[in-house]
Amino acid sequence: MWRTAWAQALANRRSFVAQMAVMVVNDLVWIFFWQVFFRRVGSVRGWTVDDMMVLYAVLALAVGLVLGALANLRFLGPLVADGELDGALALPMDPLGFLALRQVSPVSVGDIAFGIGLFAVVGHPTPARTALFVAVTVAATAVLAGFLVVLGSLAFVSGTGGAGDLGLSAIIVFSSYPINIYGGALRLALFGLIPAAFVGSLPAQLVQHPSPGRALLLAGGVAAFGGAGWLSFRLGLRRYTSGATWTGV
Amino acid sequence: MTASPSASSPVQRAPGPAPAANAVIAVDDMRRTFTTGRRRRRRTIEAVRGITFTVARGERLAFIGPNGAGKSTSIKMLTGLLRPSAGSVRVLGLEPWSQRRALSRRIGTLFGQRSLLWPELPARTSLATLGAIHGLDRPGLGRRITELGELLEATELLDRPVRTLSLGQRMRCELAAALLHRPDLLFLDEPTIGLDLLAKQRFREVLVRLNTEHSTTVFLTSHDVADIEHVAERAVIVNHGTVIHDSPVASLRRTLLTTKRIEVGLARAQTVADVRAALGPDIGPVMALGDRPADDGMPVDGIAIGVDTRRQAIGAVLDRVLRHLAVADVSVADPPLEAVIGEIYTRPAATAPAVVQSLRDGPS
Ligand SMILES: Nc1ncnc2c1ncn2[C@@H]1O[C@H](COP(=O)(O)OP(=O)(O)OP(=O)(O)O)[C@@H](O)[C@H]1O
Ligand SMILES: [Mg+2]
């Protein structure tokens, strides 16, 4: 299945290299910006340039993994709204798994390579830090995937599937900055509503300044958003098979 | 109606009288209502209002009805994609909505224009992947794909990217996907829709062959009368969510599908009266083609002739047409479904008052 999805994606090779290049250039511009910025100001609310680089590595890797390996999660809403689910439901396989694995986006390999490269170059990789980095990246990926499934499952109720892309843009923007720059209610929202904190800042902090409290918080985030994703799809599917989702087909 | 029938738990009836031992589908008073809109604009649609039938192993059944008749809704309930609001449904002894996974291992489904194949890849690759999902082992799967390629006359299609196939070719590949796991029972929702005449014909032949050679039970929906004639042995005609006719096609042919329509493009414009005179007095009804008002005495360049096949052989009428008219173009068509349904309602014996009522009240 995985291999088939890859072959499907690679069939359009022409645009592939160009897109990937754009993506990497885009990432490099960000890095350049932060390097210059921190050289001027030194640190922002306790965040140093190193913290920022680790944040960016985790984020790039998590986004790359979700959008690359599970490319359809982002389009779950439209897939549900267009009735694509019917085909998946006719197979003896978990429909969410089928849809998620059906499509990969090799362009995101750019992000994945970038995330790994960044950590290798400026992340001071010791064995311990590397292990920690891998662990928090897996956690960030799970939170992001869960979040996208929740958004996609909204289509079971609304019958339209625009929430996924919107939410994705939002979470990427919010997780690209240190959590400490956000105050009060917004900061809470970034833990509870749009889990940007679990995808960027918290994993980075955990690598830079490991603490049981942070680890526990991240694990909680994974459980909460992973669970929310699983549950919302389950409930949505129930709604779908009970005919309450109007797909117009 | 309750505010939200879909949310409440459906009333499951006790299973009715035990169906015949070889029944693969047993449906008893299957119903489905939908509610749409919010608050004040809330509306309840009775898409399926009490359908009962059984299907024996090896049957070829066409589930025919006009748009909105409830065909897709019914087939979704039979395949477990939709839970009935009421009534009992058994397919291969399973309750589809609660045992969907188990059922999916034993039935094949093909839903209109939905695709399970990866568009950029040759169908063969997709089939191998889907086969793996079905848990088929690798050598067996390879043999099965070859076998299906031959059966569906699609061997050379399997190696071209699905995106580059015509709709008819793609549908045959989709059918291969539905048949990978050798299902006993095949459900198809409007499989011939959008296909050109030749592709339709080929697809129908494949279905018949599948049924006769592999005794696969075929259940298809359509709003094309020709699907009754060329695929099915039994026709169930539904309208506004109820079955209004259920009989073997052979008997249907004697009672309802008794007319054909010959459409003739004329090389020289003629009046309808002249055409009638040229063809002789015992010819069926002759009308101008297109939306011309009936017989205004002006010459027309296309006519349609109704033929009652119980009284006249189609060939004989065609013969006369070719001999006496300057023909530019000619085709023979089945009567439109609406005409057949109209016929069912006007035939006195078959029409229960309740059915007529539902026709009047039905959603349009
Ligand atoms: N999920 C849904 N929510 C609300 N109404 C629905 C839903 N699904 C179907 N309907 C309605 O139920 C009725 C029957 O629809 P169905 O799709 O079963 O018809 P059909 O016989 O398949 O028609 P067609 O030939 O157009 O495919 C229609 O009025 C349709 O609008
Ligand atoms: Mg339909």
Side-chain angles (χ1 to χ4, degrees), chain A residues 1-16 71-72 75 78-107 156-160 234-249, chain B residues 4-10 32-37 45 47 72-73 76-77 79-85 96-98 100-122 125-126 128-130 132-135 161-163 174 177-178 181 187 189:
Chain A
M1 170 111 193
W2 177 247
R3 249 201 335 238
T4 308
W6 263 99
Q8 151 87 14
L10 288 175
N12 269 330
R13 213 159 317 187
R14 268 158 294 140
S15 58
F16 167 63
N72 259 352
F75 305 114
L79 287 173
V80 168
D82 297 344
E84 286 293 320
L85 206 53
D86 290 354
L89 287 174
L91 293 171
M93 177 180 177
D94 177 66
L96 181 58
F98 179 77
L99 287 180
L101 294 176
R102 185 173 161 76
Q103 214 69 259
V104 301
S105 163
V107 173
F156 285 115
V157 179
S158 68
T160 54
R234 260 340 88 171
L235 290 177
L237 203 57
R238 207 148 91 196
R239 200 180 149 81
Y240 187 81
T241 52
S242 76
T245 304
W246 171 236
T247 61
V249 194
Chain B
S4 176
S6 52
S8 61
S9 69
R32 178 71 243 187
T33 49
F34 293 113
T35 35
T36 56
I45 300 169
S72 299
T73 306
K76 280 183 183 168
M77 289 192 278
T79 52
L81 300 189
L82 195 61
R83 182 174 175 171
S85 313
W97 68 266
S98 62
R100 176 169 46 78
R101 191 80 59 93
L103 188 64
S104 72
R105 294 179 201 281
R106 301 181 54 196
I107 63 171
T109 47
L110 184 54
F111 285 104
Q113 317 287 330
R114 300 266 161 72
S115 182
L116 269 183
L117 306 174
W118 280 260
E120 300 292 339
L121 303 179
T125 313
S126 294
T129 308
L130 295 170
I133 291 176
H134 275 292
V162 170
R163 184 173 43 80
E174 302 280 355
H181 54 298
F187 288 98
D189 194 11

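All values derive from a computational prediction rather than experimental measurement. Protein chains get the first letters and strands the later ones, always in sequence-line order, with residue 1 at the start of each.
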Using non-hydrogen atoms and a 4.5 Å limit, figure out which bit of [X] sits close to chain A: side chain, backbone, both or neither.
X	value
B:Thr73	neither
B:Leu110	neither
B:Pro161	neither
B:Thr79	neither

request  = Flag the one option from A:Ala5, A:Gly87, A:Pro92 with the top tally of heavy-atom pairs under 4.5 Å to chain B.
outcome  =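 Sorted descending by pairs with chain B, the first entry is A:Pro92.
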
Part of A:Arg238 within contact of chain B (heavy atom distance under 4.5 Å) =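 Answer is neither: A:Arg238 stays 4.5 Å or more from chain B.
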
Proximity breakdown for A:Leu237 and chain B, heavy-atom pairs closer than 4.5 Å = side chain

ask   = Would you say A:Arg234 has more than 12 foreign heavy atoms packed within less than 6.0 Å of its CZ?
value =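 Correct, the count exceeds 12.
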
Hey, does the side chain of [X] reach the backbone of [Y] with a donor-acceptor pair shorter than 3.5 angstrom?
X	Y	value
B:Trp118	A:Arg102	yes
A:Arg3	B:Thr129	no
B:Arg114	A:Leu85	no

key: Non-neighbouring partners of B:Phe111 that pass ring-ring contact (aromatic ring centres under 6.0 Å, His included), sequence neighbours left out   =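 None.
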
key: A:Asp86 side chain reached by B:Lys76 side chain, heavy atoms, under 4.5 Å   = yes

Nearest heavy-atom pair of [X] and [Y]: which atoms, and what distance?
X	Y	result
A:Leu91	B:Arg101	O-CD, 4.2 Å
A:Ala90	B:Thr109	CB-OG1, 3.1 Å
A:Ser242	B:Leu82	C-CD1, 4.1 Å
B:Glu120	A:Gln8	N-OE1, 2.9 Å

ask   = Residues in side-chain contact (heavy atoms from CB on, under 4.5 Å) with A:Thr241, at least two apart?
value =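 Applying side-chain contact (heavy atoms from CB on, under 4.5 Å) to A:Thr241 gives none.
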
